[in-house]
Structures are given as structure tokens and as C-alpha cells.
Amino acid sequence: MTKSEYTTLKERLNEHAYRYYVLDDPAISDIEYDQLYRQLQAMEEANPEWVSDDSPTQRVADQPMDGFQQVRHALPMLSLGNVFSREELDAFDQRIRKAAEEENIEYMAEPKLDGLAVSLRYENGRLVQAATRGDGQVGEDITANIRTLQSIPLKLRKSTAPEVVEVRGEVLMTRSGFKKYNAWALENEQKVFANPRNAAAGSLRQLDPRKTAKRPLIFYAYSVGEISNPEPQFEQHSAILDWLKPLGFPVNKMNRLVEGAEGCAEYHARINTERPNLDFDIDGVVFKVNALALQQQLGFVTKAPRWATAHKFPAEEATTRIEAIDVQVGRTGSITPVARLKPVVVGGVTVTNATLHNEDEIRRKDVRVGDKVFVRRAGDVIPEVVKVVESERPAGAEAFQMPTHCPVCETRLQKEEDQAVLRCPAGFACDAQRKEAIKHFASRKAMDVDGLGDKLVEQFVDKEMIRGPSDLYHLTVEQIAALERMAEKSAGNLVAAIEASKHTTLARFIYALGIREVGEATARTLATHLYTLENIQQQDSEALQKLPDIGEVVARKITKFFADENNQREVQALLDAGVHWPEVEIKDTAELPLQDMVIVLTGKLTEFNRDQAKARLMELGAKVSSAVSGKTDLLIAGENAGSKLAKAEKLGVEVVGEDWLSENL
Ligand code: 9MJ
């Protein structure tokens, strides 16, 4: 390693830090930055004489922005150490047990919110100053912007509060808000953010608070700074959090007291599974010793307390290069451009493809082959290209052109009125659509044919062994065993699995047909309200629209499907092949915990994405309705619930808060 390599790396890091902290527009992911930073640290350790003032390792502070006043925090804002494994967590707990001379330590376990840490200072009950964390000692005065957040009280809700109250917490942009904001930004040629945290930071650093006011930002409190006149005597961190609530501060409802490393590990695992359902980003969980006397005894190492640590989750975003852009033909003929990526780990899994949605989206994001891009895989299972790092575009990269013809069957593509999506109109005549329809038919939530993978379906269609789903039921062991790499035994198993799938439920069967806009929930609605296939086939659009959550578009797709002669023939062929289901559809769902409960969601949910919460409730057997009536069993009321809450109270319907979701989903 040479000094000039060191200098290059140092300058690179400084540039990235500037993009991150000042422009809120990073060009590399946090992980890459950390890696480079550690490389630089290693070089400096080996060659201390090279270290100069401008090395990022010599910087104690985040760069304060021009345009904002600096604020010295009355008490420093802490940062947190990290653990990355169960072993490191055990070691953290062990050190504390040793210091405490106790076997079992109580921790407050909190989701680690991935936003911007702020300190809010109240004097005589009024918000007088809001500051970013900055370097922990000095931050930026963002009072005017913070005042626009609805979840932050401008005045404490208790007149008996001490004269000075400093509250610390995190400002976040919701995931749904981030998506909407970026879509708007693309449309209006404004800056697109790589992730909700950058978006929150960028929003708080707006010089015009009117802009901040329009951004979907939320706040959660998780600790305090100076509190004086009088200074309350707390004994536990949990008591501080409980004290903050009646003052008007949102405290995360997922915080829990846990015991020992085991309790911490369980909490980490549980929150990790809940992570995709939340409407905000978390990047791990935080464990804090609950007893304040023990916190005091443990003290600090440099800036971070010994009594707390963060246990991180895999990062949900990464940067990589686009190696190619292909288009895929979906089950319904939709043409989706897909970015083939240089493999990269996102959210703990290796990602090689990311959706680019449609032509408009590619044009707006200006995604080109060779581009360096941010890939995000948060909540949603399909990884997405969020934005391009234009400064690193290779010379000669050309704008992507959508094909004019189907890449599979060569039919000329069409665009439906008012829709962004190009479609191949060939339907079942297009091999791609045929394959997708059969894959869908056999998939787990549909007919659930065990062992019939995508590759096999593709071979069956390519070799013209089957044309439609019903042909599956006529495949023989000999035919399947004749395929390459297919042993007699597995062929036998597959035929048995296909046979077994004949016994199904009406809801699964309807879903398996792959009617456009008819997902699992709609299929279940049709089955539970209309009981028989004949009955479903005979309904007109108007009758269908009377069912819960079936609108005009969906109703039209259903009637159109059953009016089509090819579809009629295929449905009959399936029945002739022996597909059947029990007459009364109870068995499938009778044991579900929320079976047949009629639930209504209202108000603003802060921790859950409404669609996902709704889908989950339905999975558990509930009927989610949009209006409160005498039939409603439960109303889940989020923030600012209005007329539905009033009606539920009038009708004597049980009302619960959003916490109910975290406890029951
Ligand atoms: C976050 N980011 O959610 C702390 N944090 O406590 C929580 N951060 C923290 N606590 C002391 N829940 C320093 C930082």
C-alpha cells in the first residue's frame, strides 16, 4: 500500500461523506462506506505518520450545514455501540452482569428506528428549540422545520411538567410516504431519495419549512436530555418512557422489557420477522439496561454508553451495477422490464434481479445498462431499483428502449388506455403467458402441487406436453420420467402430487384460475359469499359489486373471464379431470383465530402499513369491512379516528387501538 493509495481512499471517503451528510444524496450504501472507512482506519494504524487533519477519522463532527444555526446540546446526545451476533450479545450481557453482580439483567428492548435523531427542548412547557444530533455535542437548529411535525407537541400536555424538558427521539419518514414522495419527485423532476432516512434528513434540512410540512414525517421519543426545576427522580428507563407519554410524545408501542441475553435475542428475532410489516424502516433493535442506577455505574466508553447496544439487522439497501435490462412477460401479458444486477446482498439475501416496473418508470428514473444504482428490498419482497447514481454513469450508456413486440411470441405489444403497462395481447397463445398461468395454477396458495417447480412447467410447455393447467392431470409417470434429470421415483411423486391437488377448496380453485385482479382475498370472498362455482359463473357485474371489496373493475374482470369460451372450456376440462372441493367451505378456515370476525380499520396507523395489516387480518380469517355497522365485531382505531369511531361507540362495538395489531397479528 502506498501513500498515494491512502490519499485517494481518504479523498473518496470525504467525497462520500459530503454527499451523505450535506447533500443527503449518497452514492454508496452505508455498508460500503463502513468498509472503506475501516480500510482507511487500518491504513492509518499501520502508517500513523500519514494521518492528516482532513481524514474522515479525525472528524468528530458531522458536517454542520450552512444555513442553520449551531446548537450546543445541554447534555450530549449519545451514540450506540453495536453487536452483530448472539456471541457479541452474550458478551455485552456478561459484562453487565459482572458489573452488576446480578444473574438476570432487565433490559428495555426497542426497535432501532432508522431516521434522524433530534433533541427537542421545552421551556415552561413550550417547544423552544429543536436540534439535530450533529456530533453529539453540537447540532443544527431545525426548530422551524420540527414545528411542522404533527406528532411533536408544541406545548407539553401537562402544566405540571418541569421548567426545562429535553426529549430525544427519532424523526422518520414512513415507507408509504417515501414511496409516494419519490413517485411525486420523479414526476416533477425533483430530487429522488435513496431511502426514507435520507428523505427524512433532507426534509428536516429544508430551508423552507413549508416544504417540510408537506412531507410525511413522524416522531418517536426514546430518551431525555436535561430535565430541571424540578428534576424528577426516575429509577428506570421504562419510567422515563412512561413519563413522556402523558406529556404528549409518541413512544414506540413495540418497546418491551426483556430479561437477559435470551430475552434480547428473542426480541431481536421477533422484531426481525415483523420488520416487513412496519410502515417505517428499522435497522435493528436497541437494548438498554433498565435500572438507571446500574446505567450510572456502567458509564460510558468515549461517546457510547456501556449500558446500551444496538443489534443490527441486514441492510435493506445496497448499490450495484445494472448488467442488462430484460423484459418479462407476466401471467396476464404485462410486460415488465427487469434489471439484471451484478449480484448483491440486500436485506440478507443475494439479489440478482430488480423490477423496473414499466416504461414510464424507467424513463423517469433514467435507468441505463451499466448504471450504478441503489437497490432496495424493504417490506416488499420484490427488490426495486430506487435511483441511479448519475455521476457514475459509464460513457456511452444509452437510454433504454422498450421492445415493440413480445419477446416470446412476437405479437405486437399494446398499451391499454390510461395505463403505463405494455401488454402482449396474445393471451394463452403466448407461451410465456401459458407458462405463467400454469405456474400460478400449481403454486402453493393455489392448487399447491408439491414439487412442480417453474423449470418443470417450462419444460412441459416447451416440449408441448401440456397446453393448459388441465393437461397436468393427464401427464403420466413415463412421460415425466423421460425428461432429462428426472428419475422414475420423482416422476411418480410428482404425478401423485398432481393427483392429490385435485382435492381442493372452491376459494383455491377460483384463485388458481388466475382471473385478473382476483387475488386470494377476492377468491375467498367469492367462495364464502356465493358457495358454488356455478353461482359465481352466473353473477353479473352488478351482483358481484355488492360483495365486500369488489369494485367495478374487479367485477368486470370476473364476468369477462367466465364469458370467454376458452376459459369455459378450460374450467370444464379441470372439472372433468376430477378437480373437486367440499361443498360447504368451512374446513379450510374454521380453525383460524379470527374466523368470521368482522373488523373495521380506521384512523391513521403509525406502525403498520394499512394494506398489509388488512391482508394479514384476512389471512387470519377476519372479514375486513370498510363501514361500521351492527355486524361489526371490532373497530381498530388508529390516530385521529373520526366518524367511524363515533359510530362504533354509539353501536356498542368493541374498540381497540393499534396495539391490538402488534399483539394479535
Ligand atoms: C433508535 N434509533 O431507535 C436510541 N434509538 O438511545 C433508540 N436510539 C438511543 N434508542 C440512546 N430506540 C442513544 C440512542
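Quick note: residue numbers are just sequence positions, from 1. Counting convention: from 1, in listed order, for ligands and their atoms alike.
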query: When you look at CZ of R157, are more than 12 heavy atoms from neighbouring residues, nucleotides or ligands closer to it than 6.0 Å?
result: no
- prompt: Any idea which protein heavy atom is nearest atom 11 (C) of ligand 1, and the distance to it?
  reply: L80 CD2, 4.0 Å
- request: Using the salt bridge (charged side-chain N to carboxylate O under 4.0 Å, His left out) rule, pick out the option among E103, E102, E259 that qualifies with R97.
  value: E103
- prompt: Can you find a non-hydrogen atom of K288 under 4.0 Å from ligand 1?
  reply: yes
field: Identity of the nearest option to atom 8 (N) of ligand 1, non-hydrogen atoms only, from Y222, Y220, W307
entry: Y222
- prompt: Residues two or more places apart in sequence or in another chain: which of them pass side chain to side chain donor-acceptor pair (under 3.5 Å) with Y267?
  reply: none
field: Atoms of ligand 1, numbered as shown, that sit under 4.0 Å from any heavy atom of E110
entry: 7 (C), 10 (N), 12 (N)
statement: Ranking L113, L172, L78 by closest non-hydrogen atom to atom 3 (O) of ligand 1, top hit is L113
Check: S29 main-chain N/O paired with E32 side-chain donor or acceptor under 3.5 Å: yes
task: Sequence neighbours left out, what passes salt bridge (Lys or Arg N to Asp or Glu O under 4.0 Å) with K112? Give chain and number order.
output: D283
task: Would you check, one step at a time, whether the test salt bridge (charged side-chain N to carboxylate O under 4.0 Å, His left out) holds for E226 with R121?
output: CA-CA 8 Å; E226 181 187 346; R121 187 173 170 94; 3.1 Å; yes
query: Considering only heavy atoms of P111, which atoms of ligand 1 have at least one such atom less than 4.0 Å away?
result: 3 (O), 12 (N)
- request: Identify, by atom number and element, the atoms of ligand 1 in contact range of E170, meaning under 4.0 Å from any of its heavy atoms.
  value: 2 (N)
